[in-house]
Each structure stands twice: as structure tokens, then as C-alpha cells.
Amino acid sequence: MIVCKTIAECRREREKLGKLAFVPTMGALHEGHLSLIREASKHAPHVAVSIFVNPTQFGPNEDFSRYPRPIEADLELCRSAGVDLVFNPDAEEMYPPGSPEISIDLPQLTNVLEGQKRPGHFKGVCQVVAKLFNIVQPQVACFGMKDYQQLCVLQAMVKALDFPITIIPCPTVREKDGLALSSRNRYLSPDERQRALAICRALFAARDEVSKGIRQTNRLVATMQQIILSPGNLGHVPVAVDYIAAVDPVTLRPKEMVDGGVLLAIAARVGNTRLIDNILIESAE
Ligand code: PAF
């Protein structure tokens, strides 16, 4: 496995490989990332991973400085997963002093949900992913559905800017008890981790209601609110909700009925940790 720190080195090494599938990450790799790498290897004979905690997608009061950076463990995981090339630049390499400001904005998809709660977040994501696509030049790129809005935004960016890249959406990987895997789960104390389960339990309960025939999304949202806001054993509300939403999976706009598909999405804080999760209900007959 080749590890490149500079753009020039990455371009040189990439040229030696043929068709390439790419998994962009911010490191702190877990089974969710490994499932993206496994999926990537089904689409091309070579796989590249980037490990870069991108400063431009974090807001001023967010967790950029404390974001976990276990680079040696990450490289070991990539090596054992059969990755061919890792691009692990530092911030100065990606954003040299004096580089011009640039912004890729897809306002229709970014002024809701995460974009509304994290102003500028998706501009940063688009900026770094566009740069990574130009540097790594993959034919295929894999993104997890846990960051569903990110996936939609990047699919739209690829289409709007004609990147010759196929985006592969990959299912969310969960712990046995349902908690969606996230690098940020590392922040959770055992008590917080227990409280965080309210998020996936609320989503699962709403999905069960759909399977029992409920079609009005306001009833699903009410169910999710009730679960997520009901005091647990300790007598306090388990998480602080940022949003609970039922939206159209394509436009990300609120939707009244589930028919034809709906995305149920939750963002909430558990202690100092902000978590997101969602469930896509593709269609309800
Ligand atoms: O999903 C992530 O880890 C990041 O947003 C990404 C796509 C690697 C861009 O920094």
C-alpha cells in the first residue's frame, strides 16, 4: 500500500493504477468505512482512500480540533482491507496560504436539514471532495447513506460539474443494538452511548408504523418525537434534538405522505456530541 502526503506524489502513484474506486474519509475508520472499501473493490481492481480532516467543513464552534486522528490504526486498517493507495495530506497541502477562495454551492439541497443547522458545511464538503476527485481521478466513489444529504449534494455536484465519476451509495452500518456507526461515537461515554440509542429507536419505531399502514408523516414525526423526548431511566431527556424530519428523498423537502418514498432523518446532541441518523423508506404500497 502506498501512502502519499503530497498532491504531486498522489497524482504520480495514481497514474500507475488503472480503473480506481475511491473512498474519501476523515479517518477514525470503523466498520462503516471498511464496508465502503469492500464495496469499492467490487467496482474497480484498485481502491484509493483519502484520510483528511477537512477544516473547511467545520463551523467555528464544532469539533474540528478534537476530531479523532488515529492515523497509524487507520493505515493498518486500510492495509488489511487491501487498499492500494492512501492519500493523507495535511491542511497546508490542500489549502496552501494565499489560495483563492472558491465555493461550490447547491442551495436547493443545502438550505435544509444539516445545511440549515451547519451553515457552510456543504460548501466545505463540496470544495474538498471536488479537489480530491481532481487529485485522485477515480472512476467510482463510494459514500455512506448515513450522511444521506451529503450523498445527495455530491451526486448533484458530480452531475452539475460533469465529473466522469459514478457515485455508489452504501448502506449505513449499525451496531447490534442499532446505533449507526460514526467516528463521533468515540466521544460518547457509556451513559451517553446508551442515551444515543433513542435516535435509532425513534427511526425504527417510525418504520414499524409505516409497515403497519400509517402513511401520514406527521404521525411518524410525532412517534419519533415521543420516543426521543421521553425521559429515560435516569429521569432526563436522553438527547437534545436538532431536528426530526420526514422529507422527500430526492428534493429533501418536507413531505406529507410516505407514498413514493420518504427519508426519516434525525440530528441530536448527546452531551457535547452531535449525531445524525436516518432511514430511507423507498416506497410504501
Ligand atoms: O463523510 C466524510 O467523512 C467527509 O464529509 C468527506 C466526504 C470525507 C469530506 O471531507
Side-chain angles (χ1 to χ4, degrees), residues 4 7 10 20-37 39-40 47-59 62-71 73-75 77-78 81 83 85-91 93-95 102-106 109-110 113-115 117-136 138 140-158 161 163 165-173 180-187 265 267 273-278:
C4 303
I7 295 171
C10 183
L20 188 65
F22 180 38
V23 181
T25 81
M26 298 206 299
L29 303 183
H30 51 65
E31 186 49 40
H33 297 109
L34 296 180
S35 78
L36 299 180
I37 294 172
E39 183 62 29
V47 174
V49 169
S50 62
I51 299 176
F52 177 59
V53 185
N54 173 40
T56 70
Q57 70 189 73
F58 288 81
E62 294 184 356
D63 56 345
F64 173 70
S65 53
R66 74 165 177 147
Y67 200 86
R69 292 163 170 85
I71 187 64
D74 285 348
L75 292 178
L77 281 174
C78 288
V83 170
L85 188 157
V86 172
F87 180 45
N88 173 221
D90 58 27
E93 179 70 8
M94 290 296 274
Y95 305 113
I102 181 163
S103 130
I104 301 172
D105 195 7
L106 294 113
L109 289 172
T110 61
L113 304 174
E114 285 304 280
K117 296 289 174 186
R118 303 183 66 189
H121 169 66
F122 287 114
K123 285 188 183 164
V125 170
C126 288
Q127 176 184 30
V128 78
V129 173
K131 280 171 74 73
L132 290 168
F133 281 175
N134 282 327
I135 296 163
V136 176
V140 172
C142 296
F143 291 92
M145 291 175 70
K146 191 176 87 66
D147 295 298
Y148 186 91
Q149 188 175 14
Q150 168 172 280
L151 173 67
C152 295
V153 169
L154 293 173
Q155 277 172 325
M157 179 187 82
V158 160
L161 296 179
F163 281 100
I165 298 174
T166 305
I167 303 284
I168 310 286
C170 301
T172 301
V173 179
L181 295 195
S182 162
S183 302
R184 290 188 168 97
N185 292 351
R186 296 180 190 217
Y187 300 145
T273 304
R274 187 174 182 279
L275 300 173
I276 58 170
D277 196 359
N278 69 75

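Indexing begins at 1, ligand by ligand and atom by atom, following the structure's order.
- The closest side-chain heavy-atom distance from Ile7 to Phe87 is below 4.5 Å.
- Side-chain contact check for Ile104 versus Leu161: some heavy-atom pair is nearer than 4.5 Å.
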Less than 3.5 Å apart, N/O on ligand 1 and N/O on the protein: could you list those pairs with the distances?
from     : atom 1 : to     : atom 2 : distance (Å)
ligand 1 : 1 (O)  : Gln150 : NE2    : 2.8
ligand 1 : 5 (O)  : Gln57  : NE2    : 2.9
ligand 1 : 5 (O)  : Gln150 : OE1    : 2.7
ligand 1 : 10 (O) : Gln57  : OE1    : 2.6

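- For the pair Lys146 and Asp277, the salt-bridge criterion is not met [side-chain N within less than 4.0 Å of a carboxylate O].
- With a 4.5 Å cut-off on side-chain heavy atoms, Pro169 and Phe143 do not count as touching.
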Per-pair distances, 0.1 Å, donor-acceptor, side chain in residues 119-134, under 3.5 Å, sequence neighbours excluded:
from   : atom 1 : to     : atom 2 : distance (Å)
His121 : ND1    : Gln57  : O      : 2.8
Gln127 : OE1    : Thr56  : OG1    : 3.0
Lys131 : NZ     : Met94  : O      : 2.9
Asn134 : ND2    : Ala130 : O      : 3.4

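- Side-chain contact between Ile168 and Thr166 is present, with at least one heavy-atom pair separated by less than 4.5 Å.
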